[in-house]
Amino acid sequence: LHAFKKAQIEFAITKGLGIAPFPKRIQERPYSDLDLVVRPEAFQAAVAVLVGIGFGEEQKNRQPWPFFNRWCREAINLRASDGGSLDVHHRIPPWYWTTGFGTERLLAEAELQTSLGVTLACVSPRHNLLIAALHIFSDRNRPGHSLMAWRDLLTMASVCSPDEVVAEATEVGLAGWL
């Protein structure tokens, strides 16, 4: 993340670490990777920075042509030999529903959160709630099967104003879908 700052690539954390501070105990929201969101136009530079410091995509996930990562997928999952795991998103899935829910909005309203002594920009709680709701529908072709996505939804619903969430969902064109 320091490399992103050095390269002037704006990012925000979503899901796991962005939700972990909200339950009563941080242990209630485990995570094994960091989900980062960047602007679409910064995506290739973000991946290049991470590859430059030792991250790479597992062979089984590699696409036949590099442009697929930007135009046919919403994210790329990168791993480091020391166990580091980052998912870099340039879109929020599923694309069919989220054309109005872009990364520009998520980054503009990101909030600083401190977790385990580190302060990072995380997407707002209401945005994480909407992302959790969308994740239920786009969870590895098994909608609703992830208990973690349901827990995230309930956790974020407990800290968000329902009126603000409905207003946000309406503004970005998600109210009808969700």
Asker: Using 0.5 Å steps for rounding, measure from the CD1 atom of I19 to the CG atom of N128.
Answerer: 4.0 Å
Asker: Which distance, rounded to the nearest 0.5 Å, do you find between the CG of L78 and the CG of D87?
Answerer: 8.0 Å
Asker: Going through the checks in order, is the side-chain contact (heavy atoms from CB on, under 4.5 Å) test met by L130 and V165?
Answerer: CA-CA 8 Å; L130 291 174; V165 174; 4.1 Å; yes
Asker: Is the closest side-chain heavy-atom distance between L50 and V88 below 4.5 Å?
Answerer: yes
Asker: Spell out, yes or no, whether L154 and L17 are grouped together once hydrophobic residues are joined by side-chain heavy atoms under 4.5 Å, including indirect joins.
Answerer: no
Asker: Could you tell me which residues satisfy salt bridge (charged side-chain N to carboxylate O under 4.0 Å, His left out) with E164, sequence neighbours excluded, listed by chain and number?
Answerer: none
Asker: Tell me every residue that passes ring pair (Phe, Tyr, Trp, His ring centres under 6.0 Å) with F22, counting only those two or more places apart in sequence or in another chain.
Answerer: none
Asker: Return the NE2 to CD distance between H90 and E74, rounded to the nearest 0.5 Å.
Answerer: 7.5 Å
Asker: How long is the span from the CG atom in D82 to the CZ atom in F55, to the nearest 0.5 Å?
Answerer: 6.5 Å
Asker: For the residue pair V38 and T103, establish whether any side-chain heavy-atom pair is separated by less than 4.5 Å.
Answerer: no
Asker: Among L153, L174, L129, which one satisfies side-chain contact (heavy atoms from CB on, under 4.5 Å) with L134?
Answerer: L174
Asker: What pairs of residues pass the ring pair (Phe, Tyr, Trp, His ring centres under 6.0 Å) test when at least one of them lies in residues 105-132, not counting sequence neighbours?
Answerer: F101-H127
Asker: Are M148 and I131 linked, directly or through other ILVMFWY residues, by side chains that come within less than 4.5 angstrom of each other?
Answerer: no
Asker: Please give me the minimum heavy-atom distance between A110 and A121, naming the atom from each residue.
Answerer: CB-CB, 4.2 Å
Asker: Please find the pair of heavy atoms, one from A175 and one from T170, that lie closest to each other, and give the distance.
Answerer: CB-OG1, 3.5 Å
Asker: Quick check: closest heavy atoms across H89 and D35, and the distance to 0.1 Å?
Answerer: NE2-OD1, 3.1 Å
Asker: Among the clusters formed by ILVMFWY side chains lying less than 4.5 Å apart, do F11 and L112 turn up in the same one?
Answerer: no
Asker: Looking at A149 and I136, what are the two nearest heavy atoms and their distance?
Answerer: CB-CG1, 3.8 Å
Asker: Taking T98 for the side chain and I92 for the main chain, is one N or O donor matched with an acceptor at less than 3.5 Å?
Answerer: yes
Asker: Quick one: do V123 and V166 end up in the same hydrophobic cluster if we chain Ile, Leu, Val, Met, Phe, Trp and Tyr together by side-chain heavy atoms under 4.5 Å apart?
Answerer: no
Asker: For the atom pair CG (L86) and CG (L1), what is the distance rounded to the nearest 0.5 Å?
Answerer: 6.5 Å
Asker: I would like to know whether V49 and I9 meet side-chain contact (heavy atoms from CB on, under 4.5 Å); could you show each step before the answer?
Answerer: CA-CA 9 Å; V49 164; I9 297 172; 3.9 Å; yes
Asker: Mind checking the OG-CD spacing from S124 to E111? Nearest 0.5 Å is all I need.
Answerer: 5.5 Å
Asker: Just by distance, no angles: are the side chains of R79 and S85 close enough, under 3.5 Å, to form a donor-acceptor pair?
Answerer: yes
